[in-house]
Amino acid sequence: MGQPEPLIMQIYCRLEVAVNDPDVIAKLAGQQLREADIDWSRKEEDLEEAVHQLESDLQEALACVVEQQRMTEHLPGVEPRGGLVFTTFGKPDDRFRPGFTDFL
């Protein structure tokens with residue numbers, strides 16, 4: 001008998017953070033973009049333009065430096081397969097509160 005099929009599950013998470021130094025986050029995101037193995041010859045913008053855009057957008061920069069895989073790295077038998085991280089300013093959207101039932 002072979003291995004059973006893995007159960008695919010979703011983890012939904014909302015984490016509120018206070019960003020005390022936006023420049024540090026922006027620079028880290030820019031540095032990680034520079035270090036990424038990206039073929040810029042196939043992109044509309046060049047590396048420096050992309051870094052500038054990323055460093056100018058705190059929401060995007062913060063979303064880019066969050067390491068999703070670290071949430072499950074110490075869980076035996078759990079393999080992260082991908083995910084989505086996005087950030088917003090201000091108070092939480094009602095869709096991310098327990099009990100919200102208006103699914104798209």
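We number each residue from 1, following the sequence as shown.
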Legend entry - Single-linkage hydrophobic cluster L54~V24, side-chain heavy atoms < 4.5 angstrom: no

Legend entry - Single-linkage hydrophobic cluster I25~F86, side-chain heavy atoms < 4.5 angstrom: no

Inset, instruction - Applying side chain to side chain donor-acceptor pair (under 3.5 Å), name anything that partners E35, two or more places apart in sequence or on another chain. - result: Q31

Legend entry - Partners passing side-chain contact (heavy atoms from CB on, under 4.5 Å) against P92 (at least two apart in sequence or in another chain): R14, R97

Inset, instruction - Please name all residues satisfying side-chain contact (heavy atoms from CB on, under 4.5 Å) with L75, sequence neighbours left out, ordered by chain then number. - result: T72, V78

Legend entry - Atom of A50, atom of E45 and distance for their closest heavy-atom approach: CB-CG, 3.8 Å

Inset, instruction - Look at the side-chain heavy atoms of Ile, Leu, Val, Met, Phe, Trp and Tyr, link any pair under 4.5 Å apart, and say whether I11 and V17 land in one connected group. - result: no

Legend entry - Closest approach of E55 to A26 (non-hydrogen atoms, all atoms of both residues): CG-O, 3.2 Å

Legend entry - Sequence-distant partners of Y12, side-chain contact (heavy atoms from CB on, under 4.5 Å), two or more places apart: Q10

Legend entry - side-chain contact (heavy atoms from CB on, under 4.5 Å) involving R81 - partner list, sequence neighbours excluded: I8

Inset, instruction - May I ask you to decide whether E16 forms a salt bridge with K91, counting only side-chain N to carboxylate O separations under 4.0 Å? - result: no

Legend entry - Inter- and intrachain pairs under salt bridge (Lys or Arg N to Asp or Glu O under 4.0 Å), touching residues 59-78, at least two apart: R70-E73

